[in-house]
Amino acid sequence: MLFRIPLSGPARAKAISHGQTTKGPPPMSRYSAAEIEAKWQQAWDEAGLFRATRSADKPKYYVLEMFPYPSGRIHMGHVRNYTMGDVIARYKISNGFNVLHPMGWDAFGMPAENAAMAIGGHPKDWTYNNIADMREQMKPLGLSIDWSREFATCDPEYYGQQQSLFLDMLEKGLVYRKNAIVNWDPVDMTVLANEQVIDGKGWRSGADVERRELTQWFFKISEFSEDLLASLDGLDNWPAKVKLMQANWIGKSRGLQFSFDLSTPAHGFEAVEVYTTRPDTLQGASFVGISPDHPLAKALEADDAAVASFCAEARKGGTTEEAIETAEKLGYDTGLTVRHPFDPEQVLPVWIANFILMDYGTGAIFGCPAHDQRDIDFARKYGLPVHDVFVPASGEEGHTRAENGKTAYVPPKTEAVRYIRGFAGQDVQTGAEAVDAAIAYCEGKGLGQGVTKFRLRDWGLSRQRYWGCPIPVVHCAECGVVPEAKANLPVRLPDDVTFDVPGNPLDRHATWRDCTCPKCGKEAKRETDTMDTFVDSSWYFARFTAPHAETPTVAEDAVYWMNVDQYIGGIEHAILHLLYSRFFARAMNLTGHLPEKAREPFDALFTQGMVTHEIYQTRDANGRPVYHLPEDIDRDSQTVKATGEALEIIPSAKMSKSKKNVVDPVSIVTGYGADTARWFVLSDSPPERDVEWTASGADATAKHLARVFRICADVAEMPEGAGDGDDALLRAMHKTIDEVTKGLESFGFNAAIARLYAFTNTLHKTNAGGTARRAAARVLAQLMAPMTPHIAEELWHMLAGQGLCAAAPWPKADPEMLKDESLTLPIQINGKRKAEIVVPADMPAAEVEKIVLANDAVIKALEGATPKKVIVVPGRIVNVVV
RNA sequence: GCCCAAGUGGCGGAAUGGUAGACGCAGCGGAUUCAAAAUCCGCCAUCGGAAACGAUAUGUCGGUUCGAGUCCGACCUUGGGCACCA
């Protein structure tokens with residue numbers, strides 16, 4: 001190995017005088033991150049430590065962090081995410097695993113096109129420049145990444161394979177076209193992303209956005225609803241909250257589907273089909289509501305200007321469920337009526353309502369205002385009747401709703417209530433029982449059918465944008481929609497495009513659009529939609545197992561490396577990205593690209609919190625906030641340096657450029673070193689929670705590392721020999737090994753680091769001899785290595801460790817050294833701690849009880865009486881109840 | 001609006017239902033220094049008390065338990081997601 005750092009005289013002399021046994025470089029005299037970090041990164045590189053190759057003689061371990069979008073700058077969130085993965089990867093290497101730890105770029109997406117529009121240039125150049133910049137910012141962190149596997153999703157080699165996957169899925173019937181609703185900007189004449197719709201207006205034009213239908217490509221994810229839901233049960237190493245969120249998202253429900261016959265048929269419709277999860281409330285129905293996109297609404301719209309103008313109004317605003325749910329509830333009485341299925345004499349009005357989604361159920365509902373908040377809001381607004389169906393099992397409070405209540409009575413389905421307008425089952429029963437009884441009743445009478453439905457909708461993957469993976473099909477006048485021939489893949493994005501006009505450049509690129517039909521050879525037009533960027537990130541984990549192959553995956557590699565043993569990323573991806581990836585893994589299994597075992601691709605998932613920072617804010621003359629950079633303010637006096645204005649300090653907000661509270665990791669690494677940045681983002685806060693970046697915290701971390709360095713340098717100078725404190729130090733060492741190991745195994749990085757602080761103090765204060773101290777210091781270096789690999793490597797060599805610390809086997813705690821001979825038991829009286837006793841660790845409970853009852857504090861509390869109860873929890877606590 | 005989380009000293013946080021505040025930051029006192037920086041030693045939840053000690057305390061209110069930060073219910077606040085941001 002070659003090392004480039006020249007040595008000063010004293011450092012060399014010291015290294016020689018302390019019997020350096022390895023071939024590593026002689027140590028330096030003082031901690032200098034800048035000197036050691038590049039040196040050790042080069043050493044790992046030359047040793048090929050992180051290059052992953054298949055191997056039969058080691059167990060494999062695949063650790064993956066969600067790959068970044070190449071914005072151009074890494075931020076602290078990246079540092080935290082990749083450091084966590086790195087800790088796991090390095091820990092697993094030390095434990096003898098063959099580790100795969102790759103990195104790539106989620107490189108398609110809107111920001112590149114926005115940049116092209118705003119500052120000119122080409123999305124491709126912008127993206128690849130950003131990737132180069134970010135790679136350069138990332139490398140100094142010393143991550144154990146196999147860079148030979150790097151790719152970007154915008155590489156034609158990657159998206160070409162994605163197109164191939166798409167064609168295989170098309171063949172298997174997993175892709176189809178249908179109409180779907182998009183945000184339409186009527187001024188720019190373009191489709192907008194949800195984030196481009198601000199308060200119902202287009203972000204550039206400011207025009208009222210409308211919901212408009214467009215023919216789009218879809219993945220049949222709904223075909224897997226049941227499987228995706230049921231399989232959550234097997235994901236034992238996923239956070240419960242993520243599984244719960246996914247389960248709710250998939251939204252399996254049992255309900256009744258039935259028809260309301262129209263009193264008079266209209267526009268060819270004889271009935272309105274509805275789906276309800278609360279058929280037990282059918283006797284409380286007071287209206288039928290249909291979506292503005294319901295076929296009946298559309299038929300009415302066609303020849304009734306009033307309906308048309310209502311529907312146009314109802315379609316205003318964005319497509320998000322949030323926008324629809326929070327918009328003012330609007331209704332239009334169509335004048336049509338339907339007959340109640342139980343009583344043909346009873347008729348209900350049919351309303352068009354803007355809060356009913358065409359995508360869920362049948363696009364039509366019946367409203368039972370007494371037991372649905374949305375329905376009662378609607379009923380009160382439009383003067384529709386409210387009929388109570390059930391009241392609390394005890395008491396009659398529920399009755400008032402029918403008169404003038406504004407709040408629906410919606411108890412949990414598991415709660416027993418008294419049905420006053422029930423028609424099936426007992427008078428008093430739970431909602432769930434009543435639903436089952438109602439379905440059975442209606443099925444028996446032939447009035448409807450019990451059906452299971454899912455909330456999960458098919459995945460619309462079409463995007464009317466340039467910077468994405470082209471959908472590899474052509475439109476032929478003769479043959480219709482034809483898949484592109486695999487031999488013609490990749491369908492490459494054309495380079496000669498401009499972004500001076502809104503809309504999709506592919507749409508107006510005549511020479512790119514023109515092509516020949518792969519089937520009949522005649523002139524045809526290319527599909528100009530590109531794929532949702534979620535497609536790119538739904539299989540990259542599989543591609544990493546054979547990143548440069550000429551097929552999407554390679555069987556041997558996929559079988560060997562899959563599944564991802566540990567996946568790490570932000571909680572914001574809890575639903576969509578993870579659900580789509582689970583779907584893709586299934587689809588890739590069906591199309592022969594992944595083995596059966598990879599249908600659930602992520603064995604363990606960890607969701608980490610964000611890195612936050614204070615916001616420094618003043619207000620302008622209009623009271624609008626003005627943000628200030630950390631370097632422009634004086635924190636002590638809480639003022640702006642330049643103007644002396646008083647500051648408002650807003651704690652703990654997600655770092656964002658616009659709020660000017662972004663801390664740049666590059667400046668931290670340059671100033672303090674990578675080890676300080678890595679240690680800091682792992683310490684203090686539990687990894688699943690947000691961490692607040694503070695300047696003083698970073699400073700303190702750097703000081704701590706320098707202290708560890710000093711302590712270990714002193715230890716390195718000590719002669720071999722025994723000392724009084726040997727046993728205590730070695731016991732502490734084994735305890736620390738045990739605790740840190742447990743911490744790393746369970747993502748308790750902050751707890752592991754706390755133990756390392758404590759052990760550093762122990763090592764500092766010990767009166768052990770040189771031999772024990774050296775052993776303890778080496779272990780300290782090893783235990784720190786996953787978090788702070790560079791300084792650990794330096795210390796390891798200073799302390800005469802063999803080979804590279806990064807390659808050394810993980811230390812093992814000796815169970816004998818973990819046992820304590822005696823322990824301190826707190827004594828509680830009525831649950832309040834009043835005293836404590838020290839007893840031998842193995843003392844039987846009866847003995848402990850005797851000692852406790854003889855204790856002064858206990859005698860005093862008892863005042864001569866006998867205790868009602870004495871609870872002895874072995875090794876834990878004693879509670880005396882008086 | 002709906003789904004999911006999280007709330008503990010001045011601050012970040014620790015705590016298999018069993019001594020609340022480990023560890024770190026900030027602060028305070030001391031040592032070293034001509035002085036400072038750096039370093040080292042010590043103190044540090046709140047209230048009362050000279051102290052011993054006592055009382056209070058984990059967002060709010062209620063419950064289960066010998067015992068609740070931890071479990072259950074309701075509420076408040078903050079954060080994440082809501083299908084075209086990634």
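Each chain gets a letter, A, B and so on, in the order the sequences are listed, and its residues count up from 1. All values below come from the heavy atoms of this structure, side chains included, with hydrogens, waters and symmetry mates left out.
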Could I get a table of every N or O pair under 3.5 Å where one atom is in the protein and the other is in nucleotides 83-85 of chain B?
residue : atom : partner   : partner atom : Å
A83(B)  : OP2  : Glu321(A) : N            : 3.0
A83(B)  : N6   : Arg455(A) : O            : 3.0
A83(B)  : N1   : Arg457(A) : N            : 2.9
C84(B)  : OP2  : Arg463(A) : NH2          : 2.8
C84(B)  : O4'  : Arg463(A) : NE           : 3.2
C84(B)  : O4'  : Arg463(A) : NH2          : 3.2
C84(B)  : O3'  : Asn194(A) : N            : 3.2
C84(B)  : O2'  : Asn194(A) : N            : 2.5
C84(B)  : O2'  : Asn194(A) : OD1          : 3.4
C84(B)  : O2   : Arg465(A) : NH2          : 2.1
C84(B)  : N4   : Gln216(A) : NE2          : 3.4
C84(B)  : N4   : Ser462(A) : O            : 3.4
C84(B)  : N4   : Gln464(A) : OE1          : 3.0
C85(B)  : OP2  : Asn194(A) : N            : 3.3
C85(B)  : OP2  : Glu195(A) : N            : 2.9
C85(B)  : O4'  : Glu195(A) : OE1          : 3.2

Below 3.5 Å between N/O atoms, which protein atoms pair up with nucleotides 63-69 of chain B? Just atom names and distances, please.
residue : atom : partner   : partner atom : Å
C66(B)  : O2'  : Asn879(A) : ND2          : 3.2
C66(B)  : O2   : Asn879(A) : ND2          : 2.5

Could you go through nucleotides 23-29 of chain B and list every protein N or O atom that sits under 3.5 Å from one of its N or O atoms, giving the distance for each pair?
residue : atom : partner   : partner atom : Å
G24(B)  : OP1  : Asn761(A) : ND2          : 3.2
C25(B)  : O2'  : Ser696(A) : OG           : 3.1

Give every pair of a protein N or O atom and an N or O atom of nucleotides 52-55 of chain B that lie under 3.5 Å apart, one pair per line with the distance.
none

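Looking at heavy-atom distances under 4.0 Å, Arg374(A) makes no contact with the nucleic acid at all. Across all strands shown, Lys765(A) has heavy atoms under 4.0 Å from sugar-phosphate atoms exclusively, and none from any base. Residue His573(A) is in base contact, counting any heavy-atom pair closer than 4.0 Å across all strands shown.
Across the P atoms, G12(B) and G79(B) are found 15 Å apart, a figure rounded to whole Å. Across the P atoms, C4(B) and U56(B) are found 37 Å apart, a figure rounded to whole Å. A45(B) sits 16 Å from C25(B) when the C1' atoms are compared, rounded to a whole Å. Between G7(B) and A14(B), the two C1' atoms lie 16 Å apart (nearest whole Å). The C1' atoms of G1(B) and U8(B) are separated by 32 Å, rounded to the nearest whole Å. Taking atom C1' on both nucleotides, G10(B) is separated from C84(B) by 45 Å, rounded to a whole Å. Spacing between C11(B) and G27(B) at atom P, rounded to whole Å, works out to 15 Å. As rounded to the nearest Å, C85(B) and C76(B) have C1' atoms that lie 31 Å from one another.
Under the 30°/60° scheme for interplanar angles, the aromatic rings of Phe108(A) and Tyr159(A) are found to be tilted.
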Query - Pair Asn750(A)-Ser683(A), side chain to side chain donor-acceptor pair (under 3.5 Å): steps then yes or no - result: CA-CA 4 Å; Asn750(A) 56 324; Ser683(A) 62; over 6 Å; no
Query - Trace of the side chain to side chain donor-acceptor pair (under 3.5 Å) decision for Ser205(A) with Asp188(A) - result: CA-CA 7 Å; Ser205(A) 68; Asp188(A) 278 351; 4.7 Å; no
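Computed from coordinates, the Asn248(A) CG to G81(B) C1' distance equals 12 Å when rounded to whole Å. Glu739(A) places its CD atom 15 Å from the P atom of A22(B), with the value rounded to the nearest Å. At whole-Å resolution of the value, CZ in Phe759(A) and C1' in A22(B) are 17 Å apart. In this structure, CG of Leu578(A) is placed 13 Å from P of G81(B), rounded to the nearest angstrom. In this structure, the NE2 atom of His704(A) is 11 Å from the P atom of C40(B), given to the nearest Å. In this structure, CD1 of Ile829(A) is placed 16 Å from P of U19(B), rounded to the nearest angstrom. If you take CG of Leu244(A) and P of C2(B), they are 16 Å apart, rounded to a whole angstrom. Put simply, CD on Gln246(A) is 14 Å from P on A5(B), counting in whole angstrom units.
Arg678(A) contributes a side-chain N or O that, together with a main-chain N or O of Met787(A), makes up a donor-acceptor pair within less than 3.5 Å. When atom types are taken as modelled, the side chain of Thr530(A) and the backbone of Tyr466(A) share no donor-acceptor pair closer than 3.5 angstrom. The backbone N or O of Ala408(A) sits less than 3.5 Å from a side-chain atom of Gln373(A), completing a donor-acceptor pair.
Here Asp820(A) pairs with Lys735(A) under the salt bridge (Lys or Arg N to Asp or Glu O under 4.0 Å) rule; sequence neighbours left out. Under the side-chain hydrogen bond (donor to acceptor under 3.5 Å, both in side chains) criterion, Ser222(A) pairs with Asp458(A), sequence neighbours left out. Lys742(A) pairs by the side-chain hydrogen bond (donor to acceptor under 3.5 Å, both in side chains) definition with Asp738(A), not counting sequence neighbours. Listed by chain and residue number, nothing satisfies the side-chain hydrogen bond (donor to acceptor under 3.5 Å, both in side chains) test with Tyr82(A) (two or more places apart in sequence, or in another chain). By the side-chain hydrogen bond (donor to acceptor under 3.5 Å, both in side chains) test, Asn767(A) pairs with no residue at all, sequence neighbours left out. Every residue two or more places apart in sequence or in another chain that forms a salt bridge (Lys or Arg N to Asp or Glu O under 4.0 Å) with Glu213(A) is listed here: Lys298(A). Among residues two or more places apart in sequence or in another chain, the ring-ring contact (aromatic ring centres under 6.0 Å, His included) test is passed with Phe583(A) by Phe219(A), Phe224(A).
Annotated as syn: G9(B), whose O4'-C1'-N torsion sits within 90° of 0.
The aromatic ring centroids of Tyr567(A) and Trp238(A) lie 6.0 Å or more from each other. Between Phe759(A) and Tyr757(A), the distance from one ring center to the other does not fall under 6.0 angstrom. No close placement of the Trp105(A) and Tyr158(A) rings is indicated, their centers lying 6.0 Å or farther apart.
Contact annotation: His764(A) reaches the phosphate of C41(B) (side-chain N/O to OP1 or OP2, under 4.0 Å). A sub-4.0 Å separation between OP1 or OP2 of A14(B) and a side-chain N or O of Asn750(A) is present.
Between Met245(A) and Thr824(A), it is Met245(A) whose nearest contact on RNA chain B lies nearer the 5' terminus.
Under the 6.0 Å distance and 45° angle rule, Lys329(A) does not count as a cation-pi partner of Phe378(A).
Rounded to the nearest 0.5 Å, atoms CG (Leu763(A)) and OG1 (Thr736(A)) are 10.0 Å apart.
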Query - Nucleotide-level pairing of RNA chain B, given in dot-bracket where Watson-Crick and G-U pairs need both distances under 3.5 Å and | marks other strands - result: (((((((..(((.....[....))).(((((.......))))).((((....))))..(((((..]....))))))))))))....
